[in-house]
J.: 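Handing you this structure, nothing more for now.
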Amino acid sequence: MQQNLVILLADQDQERMCSKEPIALHSLCGRTVFDWVMRHFADWPEPPVALLGYGADKIRAYYGERLRYIEHESLFGTIGTLLHASELIGKTQGRVIVVAGNLPMLKKQSIDMLVNITAEAASLATVQDADTQRAEDIGAYSFDAKFLFELLTELKESFNTITLEKFVAQLKQIKSGIEQIPVSYRESLSVTDRAALSACARELRREINIRHMFAGVTMIDPDNTYIDDTVRIGRDCTIYPGVVLEGETVLGEDCVLYPSCRLSNSRFGSGMLAQGVVANDAVVGDNVTLGPYVHLRPNTNIADNCKIGNYIEVKNSNVGEGTKLPHLSYIGDADFGRRVNVGCGSVCVNYDGQKKHRTTIGDDAFIGCNTSLVAPVSVGEGAYTAAGSVITQDVPPNSLALGRARQVNKPGYVEKLREKRK
């Protein structure tokens, strides 16, 4: 039989949020609002119970078995909702911890104090109002399970429309054994609308950036650097303002990220230099230069010591060690070997209108400027393609492929054309 029960409230009023999504699922520095609350209970033996309201189906779909669920009608107050959890509360021999799911700033230390309290009836987290010197509840409570179960059983008919806040206010008046746990004003910030979401994000970003700077990362302007909580960064990296690092992105050591880089769910080795790079679900090796103006799309793998220059897009492709894509190229559904040089304006023609096809380039090949590689096609090791070629057939190793139309000059043509226009 469990010792403590955690109940997380995911039934906040959505009106001020003006959103199709429940507050619990709004993104906040790489995690959902609800994730920030749930992290304090990750190592508990039993998953928390989520009391659901608006957007219940979306929350169930997102969290699956990570939570247990109780859904209630929107007209019921929180205490009425707790009636649905009365069976679990009755089986609990320790305490019932009730936390609003829109309190992402609440610290683990405060949760631990609520869990370990020995108050006869209840304890509640409060923040001190500097103007009124009045302690205000912030939506985090701890109840003695036996006390709460008996009270719910006794008064269940009248509690269907009473909010938890009103219940606690009444409890303070009629019951001794109420203990208050002081928390900082910062911890009391709750997500009730978009402005509050932004305020929480600002506080969390500052905390995240300070953590990385203490770990050896240089930030030119931390207030304008946007890093998700899930990102990992190696020592001696330098990050300029306007950089956005999202999701499960990982940076090795000694990387330099100049402004306008947005890296999402991607892995980068050490010694990378990036300017104006957008990367999604890509993997990049060591000592790679990217940009300015590079787009790495999903399933891109760039090996060590590559140069990916300006105005390059790479998608679903493997680029071998030491290969250079200097400028103005599209590399899609391709496998490039080592030390390949790709001339300006070259593209992989990978789509025939129905299916995508792959292009294969061998080691040490040279792709001339403005070459169109019409897939499926391969260029062998050490082979060359002439500038302006359309390559539709495989090129043997160490061969030169020319796929141009023959040039024809017509002397005097322009003068005759001008005469016709008069």
Side-chain angles (χ1 to χ4, degrees), residues 258 260-264 266 268-269 272-353 355-395 397 399-405:
Y258 288 103
S260 300
C261 288
R262 177 175 174 256
L263 313 180
S264 179
S266 298
F268 300 86
M272 177 186 69
L273 187 151
Q275 305 181 68
V277 176
V278 175
N280 299 281
D281 299 295
V283 177
V284 176
D286 295 335
N287 303 313
V288 173
T289 300
L290 299 169
Y293 312 118
V294 166
H295 188 188
L296 304 181
R297 291 169 59 189
N299 298 318
T300 289
N301 292 277
I302 308 293
D304 298 344
N305 304 309
C306 287
K307 176 183 178 181
I308 312 298
N310 55 302
Y311 301 103
I312 300 290
E313 181 175 357
V314 187
K315 166 251 178 186
N316 191 29
S317 297
N318 301 300
V319 178
E321 184 177 358
T323 287
K324 296 179 181 179
L325 311 175
H327 32 230
L328 299 168
S329 292
Y330 170 66
I331 309 301
D333 300 292
D335 300 292
F336 280 31
R338 296 171 295 174
R339 299 175 300 278
V340 175
N341 189 86
V342 178
C344 173
S346 296
V347 299
C348 294
V349 186
N350 59 330
Y351 186 47
D352 64 7
K355 295 181 179 180
K356 301 289 180 69
H357 302 278
R358 295 197 75 80
T359 296
T360 303
I361 309 295
D363 294 346
D364 302 302
F366 181 94
I367 306 302
C369 290
N370 201 32
T371 295
S372 294
L373 299 158
V374 183
V377 72
S378 65
V379 176
E381 292 185 11
Y384 278 44
T385 67
S389 293
V390 178
I391 305 300
T392 59
Q393 299 179 15
D394 292 348
V395 181
S399 300
L400 171 64
L402 297 95
R404 307 170 180 159

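Along the sequence shown, the residues carry numbers beginning at 1.
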J.: So among Ile391, Leu325, Thr371, Leu373, which one has a side chain to side chain contact (heavy atoms under 4.5 Å, CB included) with Ser346?
T.: Thr371

J.: Quick one: does any side-chain atom of Thr385 pair with a main-chain N or O of Gly368 as donor and acceptor, under 3.5 Å?
T.: yes

J.: To the nearest 0.5 angstrom, please state how far the OG atom of Ser264 sits from the CG atom of Asn280.
T.: 5.0 Å

J.: For the side chain of Arg297 and the backbone of Val314, is there at least one donor-acceptor N/O pair under 3.5 Å apart?
T.: no

J.: Applying side chain to side chain contact (heavy atoms under 4.5 Å, CB included) to Asp364 and Glu381, what does each step give before you reach the verdict?
T.: CA-CA 6 Å; Asp364 302 302; Glu381 292 185 11; 5.9 Å; no

J.: Quick check: closest heavy atoms across Ser329 and Gly345, and the distance to 0.1 Å?
T.: OG-N, 3.9 Å

J.: Is a side-chain N or O of Ser260 found less than 3.5 angstrom from the main chain of Gly276, in a donor-acceptor match?
T.: no

J.: Could you go through the side chain to side chain contact (heavy atoms under 4.5 Å, CB included) check for Asp394 and Val377 one step at a time?
T.: CA-CA 5 Å; Asp394 292 348; Val377 72; 3.8 Å; yes

J.: If you take all heavy atoms of Thr323 and Gly337, which pair is closest and at what distance?
T.: OG1-O, 2.6 Å

J.: Does the side chain of Tyr384 reach to within under 4.5 Å of the side chain of Val395, using non-hydrogen atoms?
T.: no

J.: Using the side chain to side chain contact (heavy atoms under 4.5 Å, CB included) rule, take Thr289 and Gln275 through it: C-alpha gap first, then chi angles, then the decisive distance, then the call.
T.: CA-CA 9 Å; Thr289 300; Gln275 305 181 68; 5.8 Å; no

J.: Glu321 and Asn305: which non-hydrogen atoms are nearest, and at how many Å?
T.: OE2-ND2, 3.3 Å

J.: Counting only heavy atoms from other residues, nucleotides and ligands, does the tally under 6.0 Å from CZ of Arg339 exceed 12?
T.: yes

J.: If you take all heavy atoms of Ala303 and Gly320, which pair is closest and at what distance?
T.: CB-C, 3.6 Å

J.: Applying side chain to side chain contact (heavy atoms under 4.5 Å, CB included) between Val374 and each of Thr359, Asn350, Val390, Asp352, report the one that passes.
T.: Val390

J.: Roughly how far, to the nearest 0.5 Å, is the NE2 atom of His327 from the SG atom of Cys369?
T.: 6.0 Å

J.: CG of Leu328 to OH of Tyr293: how many Å apart, nearest 0.5 Å?
T.: 13.0 Å

J.: Under a 3.5 Å distance rule, please check whether Ser266 uses its side chain to pair with a backbone N or O of Asp281 as donor and acceptor.
T.: yes

J.: Quick one: pull up SG in Cys306 and CG in Asn301 and give me the separation to the nearest 0.5 Å.
T.: 11.0 Å

J.: To the nearest 0.5 angstrom, please state how far the CG atom of Asn370 sits from the CZ atom of Arg404.
T.: 10.0 Å

J.: Between Ala375 and His357, which heavy-atom pair has the shortest distance, and what is it?
T.: CB-O, 3.5 Å

J.: When you measure from the side chain of Asp304 to the backbone N and O of Asp286, does any donor-acceptor pair fall under 3.5 Å?
T.: yes

J.: Report the distance from atom OH of Tyr330 to atom NE2 of His295, rounding to the nearest 0.5 Å.
T.: 10.5 Å

J.: Restricting to non-hydrogen atoms, name the atom on Gly403 and the atom on Ser389 that form the minimum distance, rounded to 0.1 Å.
T.: N-OG, 3.0 Å

J.: Would you say Ile308 and Leu290 make side-chain contact, with heavy atoms under 4.5 Å?
T.: yes

